[in-house]
Engineer: 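Dropping the structure in here first, questions after.
To find a chain, count down the sequence lines: A is the first, B the second, and so on, and within it residues start at 1. These values consider heavy atoms only, across backbone and side chains, with no hydrogens, waters or symmetry-generated copies.
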Amino acid sequence: MRFSNFFIPTTKEVPKDTVIKSHEYLTRGGYISQVSAGIYNFLPLGHKVLGKIKDIVRDELNKAGALEITLGFVTPHELWVESGRASKYGKELLRFKDRKNKEYLLGPTHEEMIVNLVRGKVKSYKNLPINLYQINTKFRDEARARFGLIRGREFVMKDGYSFHESKEDLDREFDLMEKTYSKIFKKLELDFRIVEADSGAIGGSGSKEFMALSDIGEDTIVICDSCDYGANIETSSRQRREISEKNESSLSLFSTPNMSSIDDVSNFLKIHPSNVLKAVVKKAIFEDKEEIVCFFLRGDDELQEVKATNAINADDIVDVNEEEIKNANLEAGFIGPVILKDSKFSDDDENTIGDMKFKSLNKLEIKYIFDIDLKDREDEVFVCGANKKDFHIVGMPLNKIPDITYKDLTTSKESDKCKCGGSYLHKKGIEIGHIFKLNDKYSLPMKANFLDKNGKTQPFIMGTYGIGVSRLISAISEQKSDEKGLIWGKTSSPFDVQIIVSDIKCENILNKANEIYNQLINDGFDVLIDDRKERFGFKMKDFELIGCPIGIIVGQDVDNGEVSFVDRVSLEKRSVRLDDVISEIKEQAK
RNA sequence: CGGAGUGUAGCGCAGCCUGGUUAGCGCACCUGGUUUGGGACCAGGGGGUCGGAGGUUCGAAUCCUCUCACUCCGACCA
């Protein structure tokens, strides 16, 4: 491709609204341009990179036996009603009506569409398994698009769906997709981790995310410093804690005026925060009701909301305000698992520890859940709120509190221990892929069934597999660029080689450059030749911004039979004999 | 959806507080010339009605009201 005939509008100036380098360079390099919040045009360079990535994805998936299709981008609303997601998905769905007043929406993901397709065409176990995928535009009306292609509203995604007659066969396909995804991301030269991810209310035995490591990533992942454990912080679990400083007070009520924080209390009583029970009150939202739930954890642990939501099987949990706490008969800042005998107390259901009379929160119809780390801690007693203003209970044994449910509720910290004995580290990641076992989550409500070997009707067992294709452009850019511009790998670069003609007015130089260009084209390389009437420095800056891995500078040295090769990563130049150019490129760019 | 901010030429910005000539600068663009291995220089030139609507005023980019868009922080994110 001749630069002079191509469309690469590069700019020297930094666009106003870019905050991360991938966004800046992709914009300045003429790869993308913004249309609206989270909606981008792909210019020729961006389009080429997108194409390269699509080819790699397609190639590996086809090798793994998946079949490419294209599903409609506009999807009938009724399918979403059928699956139950029309109401659940909410404002992210961009809905509209056609001239006949029929409701549609732009597909944010295509489970409904694929189930609708397959249920009508596949009726027998003999046609299973089948894995269908597409690489297509998606639309999600994100509340807040940001960071260029990292979180767009309109984006390109590869979404695949597999159908099986058994969970065992789904497991096999799931593993195959995990391996296939790894190959794809390795080919793209990405530094990534496969981590356990939240399976949410869908349950099932597996959900794994592929995270490109990057400081600007929106997800936090927990990895072990000595084994290959990795998990999204939403789901990461840790080894049971070793508590060295145990509190041994006997049970009593302590006046703790105005000490409502963990720090206040632990400083005042001179105990370690891990010996204080932290109460986190939330409002749990269910399909048909809302209720106040109290989560208890160690004072130096943090509630992980995704885990908490899953622990009580809620659709969502939200913060409560002071009034809601009051209405629940709780004392903000002094909340504990028991209510002491006082005016609100009837004599029913009371318990006694020593001379203290109490009843538990669940007698007030407040559900409480304890963190799993508190289970089987008979050798410890805790400080907790007394549900009475300015009072805490000291020396509270947990085994005296009735009906405790223990669940994993905490956010893994960097100091926490892995099962293998190693220590956890937190990293930021960009989610570039997600594979998920759906089982019959969609086939059941959408009545997508087949006949098994015994002639019995069964719902399809499904898996779903996604790759953020346009997001990958940003992920690669974030990982590989430097302070001068983009740096592409061999597989993702828009061109294999960029030839920089130092001075097009010098016939000898231009001719030699064209000769090399034509030879490389004939040998099947994708080459950009900068034949613009610009000065040398200007062209070099553009080369560095655009980021092709190899540059060939054709300049004065052609008279001595030489050109210069520039390595985009190191920016080092070295002389190469004209006769050796083709063979060297074949060696380097293969 | 809460908080903050920004809309003036293709891009980046000044002007606004304290209304008053043809709205200015840099980059980019066009013409001519000189330069030519690290975003050149000189001269000339084209392009905006100041996000939109309404209002105040003799007069509005500038003051007021409403509105739209975009960005950032947070909430949200199969």
Engineer: Look at the aromatic rings of A:Y181 and A:F210 and report parallel, tilted or perpendicular, splitting at 30° and 60°.
Structural biologist: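 Ring orientation, 0 to 90° scale: tilted.
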Engineer: Find the partner of B:G48: check Watson-Crick (N1-N3 plus N6-O4 or O6-N4) and G-U wobble (N1-O2, O6-N3) distances, both under 3.5 Å, and reply none if neither fits.
Structural biologist: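 Pair assignment: B:G48 / none.
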Engineer: At under 4.0 Å between heavy atoms, what does A:E92 touch on the DNA or RNA strands: base, sugar-phosphate, or nothing?
Structural biologist: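 Result for A:E92 = sugar-phosphate.
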Engineer: Output the single nucleotide from B:C76, B:A78, B:G12 whose closest atom is nearest the side chain of A:E305.
Structural biologist: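 Minimum distance to the A:E305 side chain belongs to B:C76.
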Engineer: Just compare B:G37, B:C70, B:A78 and give me whichever is closest to any side-chain atom of A:S36.
Structural biologist: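 Among B:G37, B:C70, B:A78, the one nearest the side chain of A:S36 is B:C70.
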Engineer: For B:G24 and B:G46, measure between their P atoms and round to the nearest Å.
Structural biologist: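 Rounded to whole Å, the distance is 12 Å.
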Engineer: Using the C1' atom on both, measure B:U18 against B:A60 and round to a whole Å.
Structural biologist: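 Here B:U18 and B:A60 have their C1' atoms 14 Å from each other.
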Engineer: Counting the atoms with a prime plus P, OP1 and OP2 as sugar-phosphate, which does A:F543 contact under 4.0 Å by heavy atoms, base, sugar-phosphate, or nothing?
Structural biologist: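 Nothing, no nucleic acid heavy atom in range.
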Engineer: Report which part of the nucleic acid A:I553 touches: base, sugar-phosphate, or nothing (heavy-atom distance under 4.0 Å, all strands).
Structural biologist: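 Base: the residue A:I553, judged by heavy atoms under 4.0 Å, touches a nucleobase.
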Engineer: Give the rounded distance in Å between these two atoms: OH of A:Y40 and C1' of B:U71.
Structural biologist: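 About 10 Å, once rounded to whole Å.
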Engineer: Distance check, P atoms only: B:G5 and B:A14, in whole angstrom units.
Structural biologist: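 The answer is 16 Å between these two P atoms.
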Engineer: Nearest whole Å is fine: how far is B:C73 C1' from A:I20 CD1?
Structural biologist: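 Going from A:I20 (CD1) to B:C73 (C1'), I get 16 Å.
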Engineer: So, for A:F174 and A:H164, is the gap between ring centers shorter than 6.0 Å?
Structural biologist: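 Aromatic pair excluded; centres sit 6.0 Å or further apart.
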Engineer: For B:U36, take OP1 and OP2 only and decide whether either is under 4.0 Å from a side-chain N or O of A:R535.
Structural biologist: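 So the side-chain polar atoms of A:R535 never come under 4.0 Å of the phosphate oxygens OP1 or OP2 of B:U36.
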Engineer: Relative to the 5' end of RNA chain B, which residue comes earlier, A:P15 or A:F155, by the nucleotide with the nearest heavy atom?
Structural biologist: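 Looking at the nearest nucleotide for each, A:P15 comes out on the 5' side.
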Engineer: Paired with B:C41: which nucleotide, if any, by Watson-Crick or G-U wobble criteria at under 3.5 Å for both distances?
Structural biologist: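 Across all strands, the one nucleotide that pairs with B:C41 is B:G33.
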Engineer: Taking B:C27 as the reference, what is the distance to B:G74 when you measure between their P atoms (whole Å, please)?
Structural biologist: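 The answer is 37 Å between these two P atoms.
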Engineer: Just name whichever nucleotide pairs with B:C1, Watson-Crick or G-U, keeping both distances under 3.5 Å, else none.
Structural biologist: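 In the structure as shown, B:C1 has B:G74 as its Watson-Crick or wobble partner.
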Engineer: With hydrogens left out and only the distance checked, is there a donor-acceptor pair under 3.5 Å joining A:R28's side chain and the base of B:G39?
Structural biologist: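 Such a pair is found, so the answer is yes.
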Engineer: Expressed in whole Å, how much space separates the C1' atoms belonging to B:U21 and B:U71?
Structural biologist: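 Taking atom C1' in both B:U21 and B:U71, they lie 36 Å apart.
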Engineer: Determine the interatomic distance between C1' on B:U35 and the same-named atom on B:C42; round to the nearest Å.
Structural biologist: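 To the nearest whole Å, 11 Å.
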Engineer: Check if the side chain of A:E534 and the base of B:G38 share a donor-acceptor pair of N or O atoms closer than 3.5 Å.
Structural biologist: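 There is none.
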Engineer: Base, sugar-phosphate, or nothing for A:K533, non-hydrogen atoms under 4.0 angstrom?
Structural biologist: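 Touches nothing.
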Engineer: So if I take every side-chain heavy atom of A:F147 and compare against B:C77, B:G37, B:C73, which nucleotide ends up nearest?
Structural biologist: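 In terms of side-chain proximity for A:F147, the closest of B:C77, B:G37, B:C73 is B:C73.
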Engineer: Can you tell me how far C1' in B:C70 sits from the matching atom in B:G51, rounded to whole Å?
Structural biologist: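 Going atom to atom, C1' in each nucleotide, I get 10 Å.
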Engineer: Run the side chain to side chain contact (heavy atoms under 4.5 Å, CB included) check on A:L26 and A:S477 step by step: do they pass?
Structural biologist: CA-CA 8 Å; A:L26 289 168; A:S477 306; 3.9 Å; yes
Engineer: To the nearest Å, give me how far apart NZ (A:K158) and C1' (B:A78) are.
Structural biologist: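 Taking atom C1' of B:A78 as the reference, NZ of A:K158 is at 15 Å.
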Engineer: Is any side-chain N of the basic residue among A:R85 and A:E111 closer than 4.0 Å to the acidic one's carboxylate O?
Structural biologist: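 Yes, this pair counts.
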Engineer: Just to be sure I understand the rule, does A:A37 reach a base, reach only the sugar-phosphate, or reach nothing, if contact means heavy atoms closer than 4.0 Å?
Structural biologist: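 The residue A:A37 makes sugar-phosphate contact but no base contact.
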Engineer: Does any donor atom in the side chain of A:E173 or A:S162 lie under 3.5 Å from an acceptor atom in the other side chain?
Structural biologist: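 No.
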Engineer: Checking all strands, does A:E544 fall into the base, sugar-phosphate, or nothing category for heavy-atom contacts under 4.0 angstrom?
Structural biologist: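 A:E544: base contact, heavy atoms under 4.0 Å.
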Engineer: Considering every strand and a 4.0 Å limit on heavy-atom distances, what is the contact class for A:V318: base, sugar-phosphate, or nothing?
Structural biologist: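 Nothing, no nucleic acid heavy atom in range.
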Engineer: Nearest whole Å is fine: how far is B:U71 P from A:H23 NE2?
Structural biologist: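 Atom-to-atom, A:H23 to B:U71, this comes out as 8 Å.
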Engineer: Ring-plane angle category for A:F6 and A:F495, please: parallel below 30°, perpendicular beyond 60°, tilted otherwise.
Structural biologist: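 Geometry flag for A:F495 against A:F6: perpendicular rings.
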Engineer: As a test of reading the structure: which of B:A75, B:G26, B:U36 is closest to the side chain of A:A143, going by heavy atoms?
Structural biologist: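 Between B:A75, B:G26, B:U36, the one nearest the side chain of A:A143 would be B:A75.
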Engineer: I'd like to know if A:R119 and A:E82 make a salt bridge, using a cut-off of under 4.0 Å between side-chain N and carboxylate O.
Structural biologist: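 Looking at A:R119 and A:E82, the cut-off is met.
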Engineer: What integer distance in Å separates A:K505:NZ from B:A40:P?
Structural biologist: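 Result: 14 Å.
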Engineer: Considering only B:U6, B:A78, B:A75, which nucleotide approaches the side chain of A:R144 most closely?
Structural biologist: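 So the side chain of A:R144 is nearest to B:A75.
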Engineer: When you measure from the side chain of A:S564, which nucleotide among B:C73, B:A78, B:G37 comes out closest?
Structural biologist: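 Ranking B:C73, B:A78, B:G37 by closest atom to the A:S564 side chain puts B:G37 first.
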Engineer: Quantified in whole Å, what is the P atom distance between nucleotide B:U8 and nucleotide B:A4?
Structural biologist: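 That atom pair is separated by 22 Å.
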Engineer: Given that both distances must come in under 3.5 Å, which nucleotide forms a Watson-Crick or G-U wobble pair with B:C27?
Structural biologist: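 The base-pairing partner of B:C27, which may sit in any strand shown, is B:G10.
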Engineer: Would you mind reading off the distance between A:M540 atom CE and B:G38 atom P, rounded to a whole angstrom?
Structural biologist: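 My rounded result for the distance is 10 Å.
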Engineer: Answer yes when A:D141 and A:R153 have at least one side-chain N-carboxylate O distance shorter than 4.0 Å, and no when they do not.
Structural biologist: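 A:R153 and A:D141: salt-bridged.
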Engineer: Taking atom types as they are modelled, would you say the side chain of A:K16 forms a donor-acceptor pair with the base of B:G7 within the 3.5 Å cutoff?
Structural biologist: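 No.
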Engineer: Looking only at side-chain N and O atoms, does A:Q34 come under 4.0 Å of OP1 or OP2 in B:U71?
Structural biologist: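 Indeed, a polar side-chain atom of A:Q34 lies that close.
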Engineer: Heavy atoms from C-beta onward define the side chain here; which of B:A78, B:G37, B:C76 lies closest to that of A:R146?
Structural biologist: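 Nearest listed nucleotide: B:C76.
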Engineer: Send over the distance from A:D503 CG to B:A40 P, rounded to a whole Å.
Structural biologist: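 Going from A:D503 (CG) to B:A40 (P), I get 14 Å.
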Engineer: Just how far, in rounded Å, is P of B:G37 from CD of A:E572?
Structural biologist: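 Checked: the CD to P distance equals 22 Å.
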